Structure formats: C-alpha cells, structure tokens
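If you're wondering where the values come from, they're calculated on a predicted model, not measured in any experiment.
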Amino acid sequence: MRSTTILLERLLEAGMHEVVTVQPVAGGVAALAGMATRRDAPSVFVKAFADEPDDGVFLAEAEGLAALRELGGVATPEVLLADRRLLVLSVLWERPHSETFWERLAHLLADMHLGTTHPRFGWHQDNWLGRRRQVNTWQDDGHAFFAEHRLLRWLGEPRVEAALDASDRAALARLCDRLPDLLPVRPACLTHGDLWVQNILATPDGQPALIDPAVSYMWAEVDLAHLWSTSPPPEARRFFDVYADLTSLDDDWRARMPIVQLRQHLAVLAQFDDDWGAADQIRTVLAPFRPRS
C-alpha cells in the first residue's frame, strides 16, 4: 500500500531503523496514519503527508499536545519524534463505550476551560487545522477574532469560493457584523480547537486522552460545538449536561452551537472534495442573514 510505504520510508529516513512494518490506521481525514511495529520496543503511531507539508505543521501539533497536557491537565500521547515531515507518538487506546468515560471527559474539559482563562484571544504563533493555516494573531475582542480569523478567513479558499455564491458570502459578512448580538461575551481559554469524536481516545488505564489539536485561546464553546455537531455516541448523552453544570452555561447554549460550528463547516468545505454536508449546513445557518426579497 502506497501510504504505508511512505510512512515506512519516512521513519527509516528519520533514523528509526528498528521499525519492521507499518499498518494503516483508519480515522484520519487529512494525513497518512499508521501503526509501526518495532523490534524489541512498543509499537508507535506515525503520521505524515504524502506531499511535503508546511515546515511547522508537526512541530505545531506537538506543541499543542504539550499545551493540552501541561496547561490543560488532559492526557495526550507522548511525542517521540516531530520534524517537518513526520510525527511519531506513543500509542493510545480506543475509548471505552461507557457513560463514566464521557462524564470524566466532561470534568476534564470543564477544568481545562475554567482553569486556563487568558486576557487575549489567539496564540503565540499560527498553527494548522488539517492542512490549512490557523491564524492566531492576538486580539482583545473575541467577536472580532472569531469573525476575522475563524470565519471570514475561509472565503478566499478555492473550494469555498466555488461552493458559496455572492449572496452566501454577503450573508456570512452580515452574520459576522452581528456576532456581538448573537454570541455572549465570554473569556478566552485554552481550547483543543478540533475536538470531534475521532480525536478522543483513551490512556491504557481507560482515562480520556486527546489527539490532533489546533490549540488557541478562544471561547470554550468552540470545543463544545464541535463535539455537539459530530454525532457523539449514545454513551455521551450526559456529557453535555455535566459540562453545562460544571461551567454554569446558560440555557441558550444549544441554540448557539450552529453559529459557533460554522468555523468547522467552513474548514471542512475548504479542504475536502466530499464536504459531508458542510455546505448545506452553512447555508442553513446563513439563511436568516440573507436580504429579504
């Protein structure tokens, strides 16, 4: 298989000559991923892109994992190697199918969001969401930051230009102008930034662990919206109520989720030929912001 051949070549080029074989791993949508078997050593998870990525992609991801662990108190895989072509991590387990696991995750996420508040929105450097740069230039105003760097920044992407017509783009601009009326003022905090269900795994002892971050100091509801909108399993049904109780969310938080999730729908639309319904979701959210005929 071409993908595993690429991964094996990259590992050997990086000096990991103890690697014997690489098996493909399902689940990722932006990168090649595999499980590498090593002589006399535990297997490792390996990630790369078929073409040459931007220089800082994997270094930024490694930094994000460290931030989640060291600042946020959430388990992440150990980074064994990170360079411009390759990321090698310790192996995590599939998450258990239990309500207890999801309730534990609610506590961990609430603790991270409540315990890492920051006076400004952004991050000390740009990082990546999938294969696209996530701009993290510091701003004091969360609504302005979200509008400029999380919504409008996608309008120049070719797939977005092709999928959204002029009225769609105008409606998005109107929504951005009205963000202070639509979303409450909230502090910035450390966010995972790409918290869909496939990025939630478990440690060997069954505790929640997170992978594939696109960290920044942003509204906590960015993480909540992504989980809310990506078909969490039935055992996660109490996660949202537990998180809401721990963070004192108001009763209107569910109504805000489609607007907050616009950022992720735009990112998906920008990067993949199959947008999994993202364009339709975007148009639905934008409908009230179109001029009336």
Side-chain angles (χ1 to χ4, degrees), residues 27 29 64 68-69 71-76 92-118 121 129 142-143 146 150-151 175 179 182-203 206-268 276-278 280-282 284-285:
V29 294
L68 292 174
R69 181 174 60 255
L71 302 176
V74 179
T76 63
L92 293 174
W93 292 26
E94 291 186 10
R95 61 181 181 271
H97 300 290
S98 74
E99 290 187 9
T100 301
F101 174 88
W102 282 92
E103 290 178 22
R104 175 61 179 152
L105 178 62
H107 280 267
L108 288 170
L109 198 63
D111 287 346
M112 182 177 82
H113 289 159
L114 294 172
T116 58
T117 56
H118 195 275
F121 294 81
L129 183 64
H143 295 103
F146 189 69
R150 296 297 184 262
L151 297 182
L175 180 148
L179 279 176
L182 300 169
L183 301 176
V185 174
R186 289 283 192 266
C189 66
L190 180 65
T191 55
H192 177 283
D194 194 11
L195 194 61
W196 68 309
V197 292
Q198 294 295 333
N199 286 342
I200 301 169
L201 296 173
T203 63
Q207 296 302 306
L210 302 181
I211 61 170
D212 290 351
V215 299
S216 66
Y217 287 107
M218 187 51 210
W219 295 320
E221 289 184 15
V222 167
D223 285 345
L224 191 67
H226 204 12
L227 269 180
W228 178 260
S229 304
T230 53
S231 302
E235 59 268 20
R237 64 178 184 269
R238 292 204 66 245
F239 168 88
F240 298 98
D241 289 338
V242 171
Y243 179 90
D245 288 343
L246 292 169
T247 57
S248 301
L249 276 179
D250 59 274
D251 292 338
D252 295 331
W253 69 266
R254 293 174 180 83
R256 296 193 292 270
M257 295 294 96
I259 294 174
V260 179
Q261 186 63 1
L262 262 180
R263 171 259 196 169
Q264 196 66 25
H265 290 320
L266 287 161
V268 168
W276 297 282
D280 291 337
Q281 293 286 343
I282 292 166
T284 297
V285 176

Do the non-hydrogen side-chain atoms of [X] and [Y] ever get within less than 4.5 Å of each other?
X      : Y      : answer
Leu190 : His118 : no
Val197 : Ser231 : no
His192 : Pro213 : yes
Thr191 : Val215 : no
Leu210 : Asn199 : no
Leu227 : Trp102 : yes

Euclidean distance, [Y] [atom2] relative to [X] [atom1], rounded to 0.5 Å:
X      : Y      : atom1 : atom2 : result
Leu108 : Leu68  : CG    : CG    : 11.5 Å
Leu114 : Thr247 : CG    : OG1   : 6.5 Å
Cys189 : Leu109 : SG    : CG    : 8.5 Å
Leu92  : Thr203 : CG    : OG1   : 7.5 Å
Gln198 : Thr230 : CD    : OG1   : 8.5 Å
Met257 : Asp252 : CE    : CG    : 10.5 Å

Problem - Sidechain-backbone polar pair: Asp223 side chain, Gly193 backbone, donor-acceptor under 3.5 Å - result: yes
Practice task
Go through His143 and Trp219 one step at a time and tell me if the side-chain contact (heavy atoms from CB on, under 4.5 Å) criterion holds.
Solution key: CA-CA 10 Å; His143 295 103; Trp219 295 320; 3.8 Å; yes
Which atom of [X] lies closest to which atom of [Y], heavy atoms considered:
X      : Y      : answer
Phe121 : Arg186 : CZ-O, 3.5 Å
Arg150 : Ser216 : NH2-OG, 3.2 Å
Pro208 : Arg104 : CD-CG, 3.6 Å
Thr116 : Gly72  : CG2-CA, 4.4 Å
Arg95  : Ala202 : CA-CB, 3.9 Å

Fill in the blank from the handout: Those residues at least two apart in sequence (or on a different chain) that pass side chain to side chain donor-acceptor pair (under 3.5 Å) with Asp280 are Arg283
Problem - side-chain contact (heavy atoms from CB on, under 4.5 Å) between Phe146 and Leu262, intermediate numbers included - result: CA-CA 10 Å; Phe146 189 69; Leu262 262 180; 5.7 Å; no
N/O donor-acceptor pairs under 3.5 Å from side chains in residues 237-246, not counting sequence neighbours:
from   : atom 1 : to     : atom 2 : distance (Å)
Arg237 : NH1    : Glu99  : OE2    : 2.8
Arg237 : NH2    : Glu99  : OE2    : 2.5
Arg238 : NH1    : Glu103 : OE1    : 3.4
Arg238 : NH1    : Glu103 : OE2    : 2.8
Asp241 : OD1    : Arg254 : NH2    : 3.1
Tyr243 : OH     : His113 : ND1    : 2.6

Exercise for the section: Among Asp250, Leu224, Leu182, find the residue that satisfies the side chain to side chain contact (heavy atoms under 4.5 Å, CB included) test when tested with Arg256. Expected result: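 The passing option is Asp250.
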Exercise for the section: Using the side-chain contact (heavy atoms from CB on, under 4.5 Å) rule, take Leu129 and Gln264 through it: C-alpha gap first, then chi angles, then the decisive distance, then the call. Expected result: CA-CA 9 Å; Leu129 183 64; Gln264 196 66 25; 4.0 Å; yes
